Undergrad: 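Okay, handing you the structure first.
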Amino acid sequence: MHDIKWIRENPEAFDAAMSMRNADITAARLIDIDAERRRLMTEHQELLARRKTISGDIGKAKKNGENADDLMAEMGGLKDRIKAAEDGQAALNEQLDLLLMSFPNILDASVPKGADEDENVEMRRWGTPAEFAFSPAEHFDLGEKLGMMDFATAAKLSGSRFVILRGQLARLERALAQFMIDLHVNEHGYEETTTPMLVKDDAMFGTGQLPKFAEDSFKTTNDMWLIPTSEVTLTNQVAGDIIDVASLPLRYTALTQCFRSEAGSAGRDTRGMIRQHQFSKVEMVSIVDPDQSDAELERKTKCAEEVLERLGLPYRTILLCSGDTGFSAMKTYDIEVWLPGQGRYREISSCSNTGEFQARRMNARCRAQGDKKTRFVHTLNGSGLAVGRCLIAVMENYQQADGSIKVPEALLPYMGGLAEISATK
RNA sequence: GGAGAGAUGGCAGAGUGGUUGAAUGCACCGGUCUUGAAAACCGGCGUGCCUUUACGGGUACCCAGGGUUCGAAUCCCUGUCUCUCCGCCA
């Protein structure tokens, strides 16, 4: 959501920012609508002021038993004009809001220019991909051979892009999630949260899934949405609030299921559990003082990287270029984990600073003690991590020649000491 | 699912059609007093938008959206949420 006042004052900057995003809008168009909107608004207010005066006079006249017919007559004429001004104003407001809601966030100055993912910039790498004495398998081959990853039965229930995990593999997924939550809560200062997974329209507008991306999510028959990420619920907690700056930052983490229609990705990642309609993810959301969001993005990214380091999974961190940065974000780091079976790095986390973009939509503000002015908070979100993809990464990186999988040391406490997952177990 | 009650400022709580953005109390902020603090007293104390160089002025908001009326926190309708009782239920 953009600030029309700012656009009015910085039209060239807005146009430059939008062209960076390939967004088809100009400040001039918005300013025209805004000018007419404000003209009507002023007119409307003047009419209301007149109405207030007259009705007060009528009240007085009646009290004194005087005749108020001429005042009543003037009021009759006012009514229609007020209604007209009101309707015109409402229409323009709606038109302007919808436009302001429909265009992507302005990018941070540090975001590199680029057309697509090929122009993302690698920031750093951690770990060295292991050498295998055999040809490493992909996760679905490993899982099916173990008899613990069952796509066929899931398809019977729900169609494609679903999976059933069994036995120790199901437990491994649970262990991963627990491990992540514990790390973020005990060492990274996030508050553990469980949230609804069904939300109303407002929440989806607040974080930017609506109005543009309705087709990416699932909607229920009673007009609710299955959350595509708990960023939606965690972030929208502060919608409409005015928060004391002293209580910031707020850091929340949650383990939830995420639901995505994957409309438009037909044919991509059709095998295995890389891309599912439903997956579990540990999310990290921060609500921060507007001056702190740059630092918080670095911190959050590090929190996500820490998960991989503790698990001994090689990764690289990438700064997304202008063409690859998502709608709501002003800056995004993707973390990609090494998958030996695929022989390449795949996205496992995405950490974004949305600045005040979401806060403006949600009307979430903060104020310093004794200060009269409010400011919009900044909101950030990051996966920490996608549990399903992390399971894949563990399987592929810790696979052994016989198809068994070693359990990473960090997960041993969560696996009841089980050190290896194999078909005989 | 059935029956009922309710939603007012940070909190509590008045207000059932006329100058009410809204009494009162508490909390909070500033001041007087005090060696300091407390108490007492005085003053202040919501959010947004429009307008103005500024001081200021205007307007809207008493859950949300419609309606009645010259005029709505107050009357009517719809929705949302909360609470109580019954039924059902993990």
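Worth saying up front: this structure is predicted, and the values here are computed from it rather than measured. Letters A, B, ... mirror the listed sequences (proteins, then strands); counts begin at 1.
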Undergrad: Would you please indicate if the ring centroids of Phe327(A) and Phe213(A) are separated by under 6.0 Å?
TA: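 They qualify: ring centres under 6.0 Å apart.
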Undergrad: Let me know the distance between CD of Glu86(A) and P of C49(B), rounded to the nearest Å.
TA: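 For the pair Glu86(A) CD and C49(B) P, the rounded distance is 19 Å.
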Undergrad: Are Arg171(A) and Ile421(A) packed together at the side-chain level, in the sense that at least one heavy-atom pair is separated by less than 4.5 angstrom?
TA: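 When only atoms from C-beta onward are counted, Ile421(A) and Arg171(A) do not touch, as no gap falls below 4.5 Å.
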Undergrad: Report the base-pairing partner of G71(B) (Watson-Crick or G-U wobble, both distances below 3.5 angstrom), or none.
TA: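 Partner of G71(B): none.
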Undergrad: With nearest nucleotide decided by heavy atoms, which residue, Lys79(A) or Arg38(A), maps closer to the 5′ end of RNA chain B?
TA: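 The residue closer to the strand's 5' end, by nearest nucleotide, is Arg38(A).
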Undergrad: Can you check the His44(A) NE2 to G48(B) P distance for me, whole Å?
TA: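 Checked: the NE2 to P distance equals 21 Å.
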Undergrad: Rounding to a whole Å, what distance do you find between Phe376(A):CZ and G48(B):P?
TA: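 One finds 8 Å between P of G48(B) and CZ of Phe376(A), rounded.
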Undergrad: What distance, rounded to whole Å, do you find between the two P atoms, one in U52(B) and one in G57(B)?
TA: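 Their P atoms lie roughly 16 Å apart.
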Undergrad: Between Asp334(A) and Ser350(A), does any side-chain donor sit less than 3.5 Å from a side-chain acceptor?
TA: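 Their side chains do contain a donor-acceptor pair, which is all the 3.5 Å distance test asks for.
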Undergrad: Paired with G48(B): which nucleotide, if any, by Watson-Crick or G-U wobble criteria at under 3.5 Å for both distances?
TA: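 G48(B) is paired with U59(B).
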Undergrad: Could you please name the partner base of U24(B), counting Watson-Crick and G-U wobble pairs only when both distances are under 3.5 Å?
TA: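 For U24(B), the partner nucleotide comes out as A12(B), under the 3.5 Å rule.
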Undergrad: Out of C50(B), U59(B), G48(B), which has the shortest distance to the side chain of Leu48(A)?
TA: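 Out of C50(B), U59(B), G48(B), the nucleotide with an atom closest to Leu48(A)'s side chain is U59(B).
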Undergrad: What's the CG-C1' distance between Asn222(A) and G1(B), to the nearest Å?
TA: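 Spelled out: CG on Asn222(A) to C1' on G1(B) is 16 Å.
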Undergrad: Taking atom P in both A40(B) and C26(B), compute the distance separating them and give it to the nearest angstrom.
TA: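 Looking at atom P only, A40(B) and C26(B) are 8 Å apart.
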Undergrad: Rounded to whole angstrom units, what separation is found between the CD1 atom of Ile243(A) and the P atom of G10(B)?
TA: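 Whole-Å distance recorded here is 15 Å.
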Undergrad: Who is the Watson-Crick or G-U wobble partner of A64(B), with both distances under 3.5 Å?
TA: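 Paired with U78(B).
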Undergrad: So if I apply the salt bridge (charged side-chain N to carboxylate O under 4.0 Å, His left out) rule between Arg251(A) and each of Glu191(A), Glu192(A), Glu296(A), Glu187(A), which one comes out positive?
TA: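 Result: among Glu191(A), Glu192(A), Glu296(A), Glu187(A), Glu296(A) is the only option passing the salt bridge (charged side-chain N to carboxylate O under 4.0 Å, His left out) with Arg251(A).
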Undergrad: From U59(B), C50(B), G18(B), pick the nucleotide closest to the side chain of Lys52(A)?
TA: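 Between U59(B), C50(B), G18(B), the one nearest the side chain of Lys52(A) would be U59(B).
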Undergrad: By nearest nucleotide on RNA chain B, pick out whichever of Met75(A) and Ile4(A) is the more 5' one.
TA: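 The residue mapped nearer the 5' terminus is Ile4(A).
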Undergrad: G17(B) pairs with which nucleotide, Watson-Crick or G-U wobble, both distances below 3.5 Å?
TA: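 Result: none.
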Undergrad: Figure out the CD/P separation between Glu9(A) and U53(B), and round it to whole Å.
TA: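 Interatomic distance, CD of Glu9(A) to P of U53(B): 14 Å.
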Undergrad: When the C1' atoms of U24(B) and G65(B) are considered, how many whole Å apart are they?
TA: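 Rounded to whole Å, the distance is 32 Å.
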Undergrad: Yes or no on side-chain contact (heavy atoms from CB on, under 4.5 Å) for Leu146(A) and Gln168(A), after CA distance, side-chain angles and deciding distance?
TA: CA-CA 10 Å; Leu146(A) 286 166; Gln168(A) 297 302 346; over 6 Å; no
Undergrad: For A54(B), which nucleotide is its Watson-Crick or G-U wobble mate, given both distances must be under 3.5 Å?
TA: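 Matched A54(B) with nothing under the 3.5 Å cut-off.
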Undergrad: Go through it in stages, so that I can follow the logic: the residues are Arg375(A) and Asp291(A), the test is salt bridge (Lys or Arg N to Asp or Glu O under 4.0 Å), and I'd like the CA-CA distance, side-chain angles, deciding distance and then a yes or no.
TA: CA-CA 11 Å; Arg375(A) 300 171 73 190; Asp291(A) 299 327; 3.4 Å; yes
Undergrad: Any side-chain N or O of Thr374(A) below 4.0 angstrom from OP1/OP2 of G48(B)?
TA: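 Yes, such a contact exists.
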Undergrad: To the side chain of Met41(A), which of C50(B), U59(B), C70(B) is closest?
TA: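 Closest of the options to the side chain of Met41(A): C50(B).
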Undergrad: Would you measure the distance from the C1' atom in G6(B) across to the matching atom in G13(B) and give it in whole Å?
TA: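 About 15 Å, rounded to a whole number of Å.
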Undergrad: For the P atoms, the ones on G4(B) and on A14(B), what distance do you get once it is rounded to whole angstrom?
TA: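 Those two atoms are separated by 24 Å.
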Undergrad: Measuring to OP1 and OP2 of G48(B), would you say a side-chain N or O of Arg365(A) lies under 4.0 angstrom away?
TA: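 So the side chain of Arg365(A) is within the cut-off, an N or O lying under 4.0 Å from OP1 or OP2 of G48(B).
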Undergrad: Do the side chains of Glu43(A) and Arg81(A) get close enough for a salt bridge, i.e. N-O under 4.0 angstrom?
TA: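 Salt bridge between Glu43(A) and Arg81(A), a charged N being under 4.0 Å from a carboxylate O: no.
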Undergrad: Any strand is fair game: report the nucleotide pairing with U84(B) by Watson-Crick or G-U wobble, both distances under 3.5 Å, or none.
TA: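 The answer is A3(B), by the H-bond criterion.
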Undergrad: Would you indicate what Arg8(A) reaches in the nucleic acid, counting non-hydrogen atoms under 4.0 angstrom: base, sugar-phosphate, or nothing?
TA: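 Here Arg8(A) touches the backbone only, sparing every base.
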Undergrad: Among C49(B), G46(B), G71(B), which nucleotide has an atom closest to any side-chain atom of Arg51(A)?
TA: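 Nearest to the side-chain atoms of Arg51(A), counting from C-beta on, is G71(B).
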Undergrad: I'd like the P distance from C49(B) over to G44(B), given in whole Å.
TA: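 The answer is 25 Å between these two P atoms.
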Undergrad: Whole-Å distance between G46(B) P and Asp244(A) CG?
TA: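 Between P of G46(B) and CG of Asp244(A): 17 Å.
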Undergrad: Between U8(B) and U19(B), how far apart are the P atoms? Round to whole Å, please.
TA: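 Approximately 23 Å lies between the P atom of U19(B) and that of U8(B).
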Undergrad: With sugar-phosphate meaning primed atoms plus P, OP1 and OP2, does Lys373(A) contact a base, only sugar-phosphate, or nothing at under 4.0 Å between heavy atoms?
TA: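 No contact.
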Undergrad: Roughly how far apart, to the nearest Å, are C42(B) and C76(B) at atom C1'?
TA: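 To the nearest whole Å, 46 Å.
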Undergrad: Would you kindly give the CG-to-P distance between Asn363(A) and C61(B), to the nearest whole Å?
TA: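 So the CG-P distance, Asn363(A) to C61(B), works out to 17 Å.
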Undergrad: Tell which nucleotide pairs with A90(B), taking only Watson-Crick or G-U wobble pairs whose two distances are both under 3.5 angstrom.
TA: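 Across any shown strand, A90(B) pairs with none.
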Undergrad: Counting only N and O atoms by type, is there a donor-acceptor contact under 3.5 Å from the side chain of Glu283(A) to the main-chain atoms of Ala254(A)?
TA: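 The answer is no, because no donor-acceptor pair under 3.5 Å joins these two groups.
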Undergrad: When you measure from the side chain of Arg367(A), which nucleotide among U51(B), U47(B), C49(B) comes out closest?
TA: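 Out of U51(B), U47(B), C49(B), the nucleotide with an atom closest to Arg367(A)'s side chain is U47(B).
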